[in-house]
Undergrad: 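Before I ask anything, here is the structure I am working with.
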Amino acid sequence: MASTESGDGSVINIIKITRKDNEPDEIKLDEEALAEVFQHKDVANLPIVLYSVVGPYRSGKSFLLNLFLRFMKLRTHPTDDLQPNPQEELESTFAYRGGIIKGCTEGIFLLKTPYITTTCDGQKVAVFIMDTQGMFDFDSSAKNMSTVVGFSFLISSFQFYNCKGVNKQSFDTIHQFANFASEVKQSQNTSPFQSLMLLVRDWKSKDFTPGLEGGRRYFDELLEERSKANKNIRHSLMQSFDKIECFLFPPPGDTVEAMGKEDTTCLIKDIAPAFLNKCDEFFEHLCDPNNLILKKIDNEVVTCSDLFEYAKEYARIIENEEVAPIEGFIEGGKKAKVKIAIRECEKAYKQEMKKMLLEHPEQSNVQNIHEESKIKAYTLFCQKTEERGEEMIEDGKRKLDRLITLCYENILDKRKMNEITNFCFSCYRDNMMNWEGGEDELQKEHDLQKAEASKRFQEDKKPENDQLLKKYQQKLDTEIQAFYEAMQTRVRAQVVLRETVGEFSEALNQGIQLQPYQAVNSKAKLAAINQLMKIKKSLPHHIFKKYCNDFKKQAKTVYTSVKRANWRNRNILGAIAGTFGLAALVAGAVVAPLLPAIIAAEVSTAGIISSTITGAATAGGVTGGVTSVATNDDTESKYNVKVAALAVGLLGRDILFSESDFSDVDDPSLFLFNDNLDETFD
């Protein structure tokens, strides 16, 4: 099998036999238990593969099924252990024990959770395993035996007949059901049975090798011998089953065969290796996707939910002694088919209504859509119930009509309730959106508006359906609560945003006096980012993105404003610096005639001028334009110093403080919160 998923390893008793003193045993299908399995939402609509085993009691049926489950478990959860656990016990999911007198299983047990796998064409299917009570024991009546075996044959897709050698008794039992299948086939042109495999246990003869090939040769020879007594037996069997196989198993080993009635467990190491090897070969054959047999009835693949309907009808027929088996089976099959058709047509009506209402949501179109969907459902029902009997079909139509009417009324009620609920919620939402206030007053406003919405909901005319009213009242409360919590989060986020922008502005104003703009901007933004990240997890991504974009815009405005204000202040200081610079140049001209004396005093004229200009530049607040001046004694350096001082003093406002200095504000790389937020935060 491919893509196998394991079940939980528990079983349920679906056919129960209650023994009574001096009265016939009571045989009953546990419909509730079977519905729990077959109508479970995970498997209800999946095709089903059902392995079931019947056969004489004390022949090892349950023991073999537990080995099958172990095999499936190891495939689903393979182990890396190279050495097997010497103390591993064979689990008793299907109860088993030793002994030779009394059987262990009573009734029919079904694996509760199936194995989910895929066929060779990729179709997903549910694989179930079923164990049955042993035949021919001392306590069971002929009715018990025929009920259990008949039910197993009817609902399984792959039937095992387990026995220790195919004797006349076993062969006659198989032939009996083959004759039943032949009679059914004559009435409805299809056999109720699919695949049969004989499991011959404790095989010791050298005439045929244990395994599938040896089993095939053995069964062919057996049929040839039996055909001498009954020439029609081969034809009867081949017509009754789509496929018949045989598998020969060697003995399980002396330890297993010696188990007493008190022995309910068995160690894997005590099972004969030859037997385990053949079990693996057998299970591999069953699990091959090409060998999965989907359950079919009337040549149509059925789902788990479909098979539940058939199982109920089959159980009633088998339990009813007054009904002839053939006629009862055919009649039960027709009833199940009609029930399934009703369910499928009701589902088709709902799907068509949903589709059309989405395309035409206007209230005036609902009646027309209902009528069209109803006609389509009736047409589908007639197609699915051809040749099921006129009376049965008419009864089915009446049931379908009642279901569709109830469904339509329910749709109208829900549309009305949706309309009322949406209106009440819209009133609450609009009033809350128009409200302005702090976080402390939000709770009071919420309580007030919620009470108004609930009052409006109660006053509107609504369908007389208490369950529906309760459902939509809960829906309204849930929507209101969700919106309120979202508002709480947004109010808190707005507070954080205002605080973040304020802190960003303050950081810019404080730091921009001492550091380059880019560094201050980056540092302030980093602090703001850390603040915003505190609310990221509490907001939906699109809301968080909105606040990030809001911060981006506000931060840009603040940054530009602070920078412009700071440049204006420096322009004023620049003008003052220019005056001092010009005075310094005049002073330099006065000092020039005294240069020899200054040199004699070992004072550097260039150093004096340089110090004067640098001081003036510093006083003017130049941090990015003139950051250094020449300090050597050559003529060119002296000239450069004078030009620099003149530039600082006279041209600083027009050159150093031009609009080009604000171009970096529009550079998106300056802001972390750019448009590509998915890459930034995800």
Side-chain angles (χ1 to χ4, degrees), residues 38 43-52 114 117-128 130 150-160 174 177-197 234-245 286 288-318 325-345 347-348 379-390 392-393 396:
F38 282 173
V43 302
N45 296 319
L46 291 181
I48 180 172
V49 176
L50 179 56
Y51 296 108
S52 181
T117 188
T118 53
T119 61
C120 57
D121 58 358
Q123 186 177 20
K124 194 175 181 181
V125 297
V127 179
F128 284 94
M130 193 165 72
F151 186 81
S152 176
F153 268 80
L154 286 169
I155 73 167
S156 65
S157 63
F158 208 126
Q159 180 66 61
F160 304 130
I174 297 172
F177 283 97
N179 289 335
F180 170 80
S182 297
E183 293 183 47
V184 172
K185 193 170 184 178
Q186 290 177 5
S187 301
Q188 57 183 33
N189 299 320
T190 182
S191 173
F193 307 143
Q194 290 178 258
S195 294
L196 173 68
M197 178 174 277
R234 177 185 290 272
H235 177 76
S236 176
L237 287 176
M238 295 305 175
Q239 289 293 312
S240 302
F241 297 93
D242 298 334
K243 186 178 182 181
I244 300 179
E245 295 178 295
L286 295 180
D288 186 334
N290 293 299
N291 294 330
L292 292 174
I293 307 297
L294 304 184
K295 179 61 181 176
K296 292 182 179 181
I297 296 177
D298 286 351
N299 289 325
E300 293 182 3
V301 174
V302 297
T303 64
C304 296
S305 183
D306 294 340
L307 191 57
F308 171 68
E309 297 295 342
Y310 282 103
K312 289 192 297 182
E313 294 299 329
Y314 292 160
R316 293 190 185 102
I317 295 162
I318 293 173
I326 301 298
E327 290 79 0
F329 168 79
I330 296 173
E331 189 72 9
K334 289 180 178 180
K335 288 181 179 178
K337 190 78 172 179
V338 170
K339 287 182 179 179
I340 294 169
I342 291 173
R343 187 186 69 228
E344 291 179 351
C345 293
K347 182 179 179 181
T379 302
L380 180 62
F381 178 79
C382 293
Q383 293 173 354
K384 288 182 170 292
T385 55
E386 291 178 343
E387 301 179 0
R388 302 297 167 190
E390 185 175 343
M392 193 177 296
I393 292 175

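Bear in mind that the values here come from a model prediction, so they are computed numbers and not experimental data. Below, each value reflects all heavy atoms present in this structure, side chains not excepted, and no hydrogens, waters or symmetry copies. Residues: numbered from 1 along the sequence shown.
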Undergrad: As a quick check of understanding, evaluate side chain to side chain contact (heavy atoms under 4.5 Å, CB included) for Met197 and Ile244, giving each step before the final call.
TA: CA-CA 6 Å; Met197 178 174 277; Ile244 300 179; over 6 Å; no

Undergrad: Excluding sequence neighbours, so at least two apart, what forms salt bridge (Lys or Arg N to Asp or Glu O under 4.0 Å) with Lys243?
TA: Glu245

Undergrad: Looking at side-chain heavy atoms only, is the closest gap between Lys337 and Thr385 below 4.5 Å?
TA: no

Undergrad: Is there a side-chain contact between Val127 and Pro114, using heavy atoms and a 4.5 Å cut-off?
TA: no

Undergrad: Kindly compute the distance separating CG (Leu196) from CG (Leu237), expressed to the nearest 0.5 Å.
TA: 8.0 Å

Undergrad: Could you walk me through whether Ile48 and Phe128 satisfy the side chain to side chain contact (heavy atoms under 4.5 Å, CB included) test, starting with their C-alpha distance in whole Å, then the side-chain angles of each, then the deciding distance to 0.1 Å, before giving a yes or no?
TA: CA-CA 7 Å; Ile48 180 172; Phe128 284 94; 3.5 Å; yes

Undergrad: Suppose we screen for side chain to side chain donor-acceptor pair (under 3.5 Å). Which residues come up paired with Glu344, at least two apart in sequence or across chains?
TA: Lys384

Undergrad: For a 4.5 angstrom cut-off between non-hydrogen side-chain atoms, does Leu294 reach Val125?
TA: yes

Undergrad: If you measure from CD on Gln123 to OG1 on Thr117, what distance do you get to the nearest 0.5 Å?
TA: 11.5 Å

Undergrad: Kindly say whether Tyr51 contributes a backbone atom to a donor-acceptor pair with the side chain of Ser156 at under 3.5 angstrom?
TA: no

Undergrad: side-chain contact (heavy atoms from CB on, under 4.5 Å) with Ser305: which residues, sequence neighbours excluded?
TA: Gln39, Ala44, Thr303, Arg343

Undergrad: Check side chain to side chain donor-acceptor pair (under 3.5 Å) between Ser52 and all other residues, then give those that pass, not counting sequence neighbours.
TA: Ser152

Undergrad: Look at Lys295 together with Glu300 and state whether they make a salt bridge at an N to O cut-off of under 4.0 Å.
TA: no

Undergrad: Can you tell me how far CD1 of Ile293 sits from OG1 of Thr119, rounded to the nearest 0.5 angstrom?
TA: 11.0 Å

Undergrad: Of all residues at least two apart in sequence or in a different chain, which pass the side-chain contact (heavy atoms from CB on, under 4.5 Å) check with Cys120?
TA: Pro289, Asn290

Undergrad: Could you grab the distance from atom NZ of Lys339 to atom CG of Asp306, nearest 0.5 Å is fine?
TA: 13.0 Å

Undergrad: Evaluate whether atom NZ of Lys296 has more than 12 neighbouring non-hydrogen atoms of other residues, nucleotides or ligands under 6.0 angstrom away.
TA: no

Undergrad: Do Val43 and Phe38 come within less than 4.5 Å of each other through their side chains, counting heavy atoms only?
TA: no

Undergrad: Is the ring centre of Phe158 less than 6.0 Å from the ring centre of Phe160?
TA: yes

Undergrad: Can you name the side-chain contact (heavy atoms from CB on, under 4.5 Å) partners of Lys335, sequence neighbours left out?
TA: Glu313, Glu331, Met392

Undergrad: Can you confirm whether Ile297 sits close enough to Tyr310 that some side-chain heavy atom of one is under 4.5 Å from a side-chain heavy atom of the other?
TA: yes

Undergrad: Determine, step by step, whether Leu286 and Asn291 satisfy the side chain to side chain contact (heavy atoms under 4.5 Å, CB included) criterion, reporting the C-alpha distance in whole Å, the side-chain angles of both residues, the deciding distance to 0.1 Å, and the verdict.
TA: CA-CA 6 Å; Leu286 295 180; Asn291 294 330; over 6 Å; no

Undergrad: Please examine the side chains of Tyr314 and Phe153, heavy atoms only from C-beta on, and report whether any two atoms are closer than 4.5 Å.
TA: no

Undergrad: Within the structure provided, determine whether Ile155 and Met130 are in side-chain contact (heavy-atom separation under 4.5 Å).
TA: yes

